[in-house]
Trainee: 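Let me give you the structure first, and then I'll get to my questions.
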Amino acid sequence: MQIVRVALPVPIPQLFDYTSQDASEEDIGRCVRVPFGRGEKSGVIVALPAVSDVDPARLKPVRHIQREVSPLPADWLELVAFVARYYHEPLGEVIALALPPGLRRADAVSDRESDPLLDLGPAGHAALAAGRRVSRALTLLQQLQAAGVIRRSIARELPDGAALADAMRRGWVVPVRGASPATAAAGQPELTDEQRAAVDAVSTEPAGFVPWLLHGVTGSGKTEVYLRLAARALAAGQQVLMLVPEIALTPQLESRVAGRFPAACVVSLHSGLAEGARSRGFVQALEGRADLVLGTRLSVFAAMPRLGLILVDEEHDASYKQQEGVRYSARDVAVWRARQRGVPIVLGSATPSLESWHHVRAERYRGLRLNARALASTLPKVRRIDTRRLRLDEGLSPALQSAIGERLARGEQSLVFLNRRGYAPVLSCPSCGWVSRCPHCSANLVVHLADRRLRCHHCGCDCEVPHACPVCGNQDIQPFGRGTQRIEARLAELFPEARVLRVDRDSARTRSQWESMLAQIANGEADILVGTQMMAKGHDFPKLTLVGVIGADASLHAADFRAPERLFQQLMQVGGRAGRAHLPGEVLVQTEYPDHPLYRCLVRHDFDAFAESALSERRAAGFPPFTYQAMLRADAPVLDDAMQFLAHARRLAQDMAPAGVRVFDAVPMRLTRLARRERGQLLIEADERALLQTFIGRWIEVLRAQRTSRELRWQLDIDPLEV
DNA sequence: AGCACGCCGACT
DNA sequence: GTCGGCGTGCTC
């Protein structure tokens with residue numbers, strides 16, 4: 001009789017012991033189903049202890065050990081244990097997050113959909129040589145001959161992929177084995193000198209953990225560097241892990257990667273995947289059959305026995321930080337993992353996070369630069385428009401209007417960038433002062449004139465636009481401020497001949513809407529685009545030569561110390577949309593603070609100067625990365641309950657905190673009320689990460705032991721992004 | 001987290 | 001008399 005120790009997804013930092021007739025060392029890392037309470041739960045065997053702390057008579061036998069799938073290896077268990085420790089969450093909860101649900105439930109694994117390598121068989125070569133009558137199968141054969149060895153899934157995607165089954169039935173195309181996954185498709189682009197230097201720097205480094213920061217301006221070809229590095233790792237028989245910030249970016253990248261490495265097994269992992277596909281992908285990675293794993297933050301937990309390289313694209317992106325449950329940073333976990341496995345990691349961005357940039361300056365990371373745009377186009381010219389003495393027309397300056405007019409006359413596209421959805425951020429009554437407040441949040445309801453609704457952008461509350469002031473009956477209530485819809489409407493009036501297209505979360509709600517808009521833009525079916533940050537990311541618009549930025553000043557004085565960093569990143573990214581290919585681009589930034597250092601740096605495209613000044617401000621103010629933070633947040637239906645809990649937690653912290661750990665005041669959050677709950681927070685800070693960690697560990701243990709009203713929720717956020 | 005047990009208020 | 005509120009405690 002063997003004792004097995006199981007990590008289960010319950011919110012208490014405990015492991016549970018069970019008995020098993022036949023468990024052996026081989027079963028450590030395997031998924032199990034066990035009786036729990038009066039029900040059943042599933043978890044992972046993490047140890048086979050000789051004795052249990054609980055009375056042997058109380059141990060129940062495990063119900064089922066999943067032995068169809070390879071066990072999770074020791075290094076994976078170490079990885080999740082690290083995440084549990086660092087973010088102060090129970091191991092079982094971290095495991096539940098890291099494993100695909102179907103796998104953890106120890107379900108039977110679906111038949112592995114194999115994706116065999118295909119090549120032309122002798123019959124296929126003969127058919128080509130015979131000069132037969134042209135058919136789809138024959139055209140496909142020509143495409144396959146050009147491609148070389150190829151995965152079936154990729155072959156299906158070829159222009160005549162529909163004829164694949166036919167070609168295989170005739171024996172023209174046959175499965176082959178043993179082609180190197182690094183086999184590259186024909187037609188790789190030439191590298192620029194900078195790209196070559198970056199690839200060489202990483203490749204000539206001796207094997208082992210090296211963190212690299214690839215700082216490459218928009219359009220400098222970072223992806224090509226990733227692909228070359230991946231090719232080297234694949235050729236060495238290693239697996240590559242590549243992280244991207246968003247689900248929306250995976251399909252494009254996946255097809256590009258799969259197209260480049262037709263013989264490689266490329267697996268993508270993200271939360272949008274069906275359960276079966278996610279389990280299958282994870283198992284392929286775990287069993288070493290996947291060569292390249294591509295995915296969003298949760299794919300940092302893919303088990304990979306032959307891991308040789310980690311790539312993190314857009315490493316500054318906030319979506320690498322999970323904002324609920326286990327609040328982990330996939331980028332930080334990836335760096336830990338690279339160190340653990342002794343492999344290089346490349347963090348890439350056009351606008352690196354100040355944290356990573358600081359690591360380069362402190363020589364903890366190695367820097368790689370791509371300063372030139374690969375496609376022979378230069379960086380856009382950035383100009384500030386001082387709006388202090390201008391008469392604006394619905395927020396649009398004369399200079400911006402005439403610049404748009406010029407683009408229109410030349411048949412080029414313009415983008416007006418404004419990070420505010422809706423028609424106007426608030427509706428208000430000039431006679432009695434009523435404003436459209438959300439009943440559930442401390443926020444205003446936004447006017448959506450497109451469908452005549454008032455909406456809360458925080459809780460989704462939605463009602464009709466009233467015809468008169470609900471308090472005083474005044475008929476003349478007015479929308480104040482401007483959002484994308486209002487700008488869109490005004491542009492349509494100013495340029496009646498132009499096709500104006502608004503691109504925001506409202507107009508591009510579904511994937512297909514978003515894709516059809518991208519196609520419209522690419523086909524030149526729009527002249528003026530009005531867009532939010534959706535427009536800033538990851539797409540090329542060859543005819544776009546003007547970006548006008550309005551309403552950016554608000555972020556200059558925001559309370560969050562990271563707001564300027566985000567603004568600068570956003571403006572650099574959206575500015576990068578202007579002028580690709582052979583048309584020079586221009587960026588016009590409307591501002592009342594044209595001399596603000598942030599805009600001065602933006603005009604010079606000088607990220608380094610911006611980062612330098614932002615970092616020195618942070619150093620002076622004692623903010624990260626010069627200090628380490630943890631945030632305790634509490635929420636309850638009534639603010640007072642949340643604040644009382646935080647005040648209690650604060651007293652506790654003050655009693656326990658060693659020198660060097662600073663406990664701040666408990667304060668209501670900026671958006672205090674959200675979805676009928678009121679929220680407060682308590683910041684803890686220290687100069688040493690280890691000091692903060694040990695203290696938080698002891699503090700949280702005490703805090704967890706307290707009983708609180710059931711209406712009160714609280715969570716801990718290590719390295720919070722928003723303070 | 002679930003889910004039991006258990007002890008007090010207002011309903012058929 | 002019971003249905004049901006949620007405080008308390010446990011899960012190997």
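Residue numbering restarts at 1 for every chain, and letters A, B, ... go by the order of the sequence lines.
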Trainee: Have a look at A/Arg105 and tell me which of A/Lys41, A/His64, A/Glu275 forms a side chain to side chain contact (heavy atoms under 4.5 Å, CB included) with it.
Mentor: A/Glu275
Trainee: Hey, mind stepping through A/Asp27 and A/Arg67 against side chain to side chain contact (heavy atoms under 4.5 Å, CB included) and telling me if it holds?
Mentor: CA-CA 8 Å; A/Asp27 292 317; A/Arg67 292 197 171 98; 2.7 Å; yes
Trainee: Once you round it to whole Å, what is the distance between C1' of C/dC10 and NZ of A/Lys41?
Mentor: 13 Å
Trainee: Atom CG of A/Leu712 to atom C1' of C/dC6: distance rounded to whole Å?
Mentor: 15 Å
Trainee: Which of residues 3-38 of chain A have a heavy atom under 4.0 Å from DNA chain B?
Mentor: A/Pro11, A/Arg38
Trainee: Does the side chain of A/Arg58 get closer than 4.0 angstrom to OP1 or OP2 of C/dT11 through an N or O atom?
Mentor: yes
Trainee: Between B/dA1 atom C1' and A/Glu93 atom CD, what is the distance in whole Å?
Mentor: 8 Å
Trainee: Round to the nearest Å and state the distance from A/Glu40 atom CD to C/dC12 atom P.
Mentor: 12 Å
Trainee: Using atom CZ of A/Arg707 as one end and atom P of B/dA1 as the other, report the distance to the nearest whole Å.
Mentor: 16 Å
Trainee: Among A/Arg339, A/Gln340, A/Arg341, A/Arg337, which residue meets the side chain to side chain contact (heavy atoms under 4.5 Å, CB included) test with A/Phe209?
Mentor: A/Arg339
Trainee: Do A/Ser70 and A/Glu287 meet the criterion of a side-chain donor-acceptor pair at a distance under 3.5 Å?
Mentor: yes
Trainee: By salt bridge (charged side-chain N to carboxylate O under 4.0 Å, His left out), which residues pair with A/Glu93, not counting sequence neighbours?
Mentor: none
Trainee: Quick one: do the A/Ser507 and A/Gln513 side chains pair a donor with an acceptor below 3.5 Å?
Mentor: no
Trainee: Calculate the interatomic distance between A/Ile45 atom CD1 and C/dC12 atom C1'; express it in whole Å.
Mentor: 13 Å
Trainee: Provide, to the nearest angstrom, the distance between the CZ atom belonging to A/Arg710 and the C1' atom belonging to C/dG4.
Mentor: 12 Å
Trainee: To the nearest Å, how far apart are A/Leu59 CG and C/dT11 C1'?
Mentor: 13 Å
